[in-house]
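Read the structure below first, then the notes.
All figures in this text were calculated on a predicted structure; none of them were measured in a lab.
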Amino acid sequence: LDCLEDIISFFNVYAFTQVAIYGKSYCEAAKDTWDLFKSRGFDLIVNDDLTGMVLLLSCIFGGAVVAIVTAVFAKFVFHIDNWAAWTAVGFVFGLGITACIMVVVRSAVATLFVCLCEDPNALQQTKPEKYERVQAAWMERYNAGIGQPLLQQQPLLQQPPQLQPPPPPP
């Protein structure tokens with residue numbers, strides 16, 4: 001059950017993107033998103049998505065900045081004896097505020113994935129320079145154009161050739 005819960009939560013943001021864009025029900029959006037990603041090969045890029053880690057580190061950094069500012073003000077401006085407690089409160093507050101901001105960034109990344117998967121030509125028509133950059137990165141990583149079926153990667157070890165039996169004697 002934990003594995004199933006992880007899978008559902010992983011595709012949750014992409015399904016909600018479909019709900020927001022098209023007004024579908026959640027179950028319909030989840031199924032359509034999964035089918036769309038599987039048919040276009042975007043399941044690989046979703047697995048390679050590292051934005052979650054970057055956003056988490058941004059939240060921690062935001063919390064640390066607020067904690068430092070809180071500590072400086074508590075200790076040197078207001079001369080509070082228990083400045084460490086206020087520093088912890090500042091960290092939690094900064095972490096929460098930064099997390100609220102990072103949700104917008106995460107939603108933008110999910111929307112980009114879904115929209116690019118749905119219609120990659122829309123980006124090409126509206127922002128050709130950005131499309132070329134995305135296309136070049138996609139080609140470098142997956143050896144296929146955006147939206148095209150991905151080529152199977154060659155195995156690292158080649159299979160030895162099969163020996164043919166000798167022909168029967170005449």
Side-chain angles (χ1 to χ4, degrees), residues 1-69 91-161:
L1 287 175
D2 287 340
C3 182
L4 182 60
E5 183 179 330
D6 290 343
I7 292 170
I8 290 171
S9 66
F10 181 74
F11 280 97
N12 192 20
V13 67
Y14 302 105
F16 277 130
T17 301
Q18 288 248 351
V19 169
I21 294 172
Y22 301 111
K24 299 177 180 179
S25 70
Y26 177 76
C27 291
E28 179 185 5
K31 181 185 179 308
D32 289 350
T33 301
W34 178 257
D35 292 342
L36 179 68
F37 282 3
K38 290 301 282 183
S39 69
R40 297 283 185 127
F42 269 72
D43 55 330
L44 295 176
I45 197 167
V46 169
N47 287 337
D48 287 347
D49 176 24
L50 299 175
T51 56
M53 182 60 67
V54 171
L55 297 178
L56 174 65
L57 291 175
S58 299
C59 291
I60 293 170
F61 179 75
V65 167
V66 173
I68 291 169
V69 170
F91 177 79
V92 171
F93 182 74
L95 185 80
I97 295 297
T98 308
C100 290
I101 294 168
M102 292 300 127
V103 166
V104 175
V105 176
R106 180 68 179 122
S107 297
V109 170
T111 303
L112 176 68
F113 281 168
V114 170
C115 291
L116 190 62
C117 189
E118 283 274 345
D119 187 11
N121 293 327
L123 181 63
Q124 183 179 22
Q125 293 170 358
T126 58
K127 308 241 187 294
E129 305 86 26
K130 291 186 189 221
Y131 176 82
E132 291 302 321
R133 287 178 55 201
V134 170
Q135 176 76 356
W138 186 273
M139 288 293 288
E140 183 179 323
R141 175 67 174 99
Y142 297 110
N143 296 325
I146 296 174
Q148 296 175 350
L150 300 178
L151 302 176
Q152 296 294 326
Q153 293 184 356
Q154 297 297 321
L156 295 176
L157 299 175
Q158 296 292 330
Q159 296 291 334

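- Lys24 approaches Val19 most closely through the heavy-atom pair O-CG2, 3.4 Å.
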_For a side-chain contact (heavy atoms from CB on, under 4.5 Å) check, start with the C-alpha distance between Val105 and Thr51, then their side-chain angles and the critical distance, and finish with the verdict._
CA-CA 9 Å; Val105 176; Thr51 56; over 6 Å; no
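- Aromatic ring orientation, Tyr14 versus Phe113: parallel (interplanar angle below 30°, classes split at 30° and 60°).
- Atoms CD and CD, on Glu132 and Glu129 in that order, are 9.0 Å from each other to the nearest 0.5 Å.
- Of the candidates Val109, Asp32, Thr17, Thr17 is the only one forming a side-chain contact (heavy atoms from CB on, under 4.5 Å) with Val114.
- Distance CG/Leu50 to CG/Leu56: 12.5 Å, rounded to 0.5 Å.
- Taking both residues in full, the closest heavy atoms of Tyr26 and Ala15 are given as CE1-CB, 3.5 Å, listed atom of the first, atom of the second, then distance.
- How far CG of Asn121 is from OH of Tyr131: 6.0 Å, rounded to the nearest 0.5 Å.
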*Step by step, would you call Gln18 with Glu118 a side chain to side chain donor-acceptor pair (under 3.5 Å)?*
CA-CA 10 Å; Gln18 288 248 351; Glu118 283 274 345; 3.2 Å; yes
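- Counting all heavy atoms, side chain and backbone alike, Gly62 lies closest to Thr98 at CA-OG1, 3.5 Å.
- The OG atom of Ser58 sits 5.0 Å away from the CE atom of Met102 when rounded to the nearest 0.5 Å.
- Rounded to the nearest 0.5 angstrom, Leu36 CG and Lys31 NZ are separated by 11.5 Å.
- When side chains are defined from C-beta on, Val66 does not count as touching Ile97, because their heavy atoms never get closer than 4.5 Å.
- Considering all non-hydrogen atoms of both residues, Val134 and Leu116 come closest at CG1-CD2, 3.9 Å.
- Between the CZ atom of Phe91 and the CD1 atom of Ile68 there is a distance of 10.5 Å, given to the nearest 0.5 Å.
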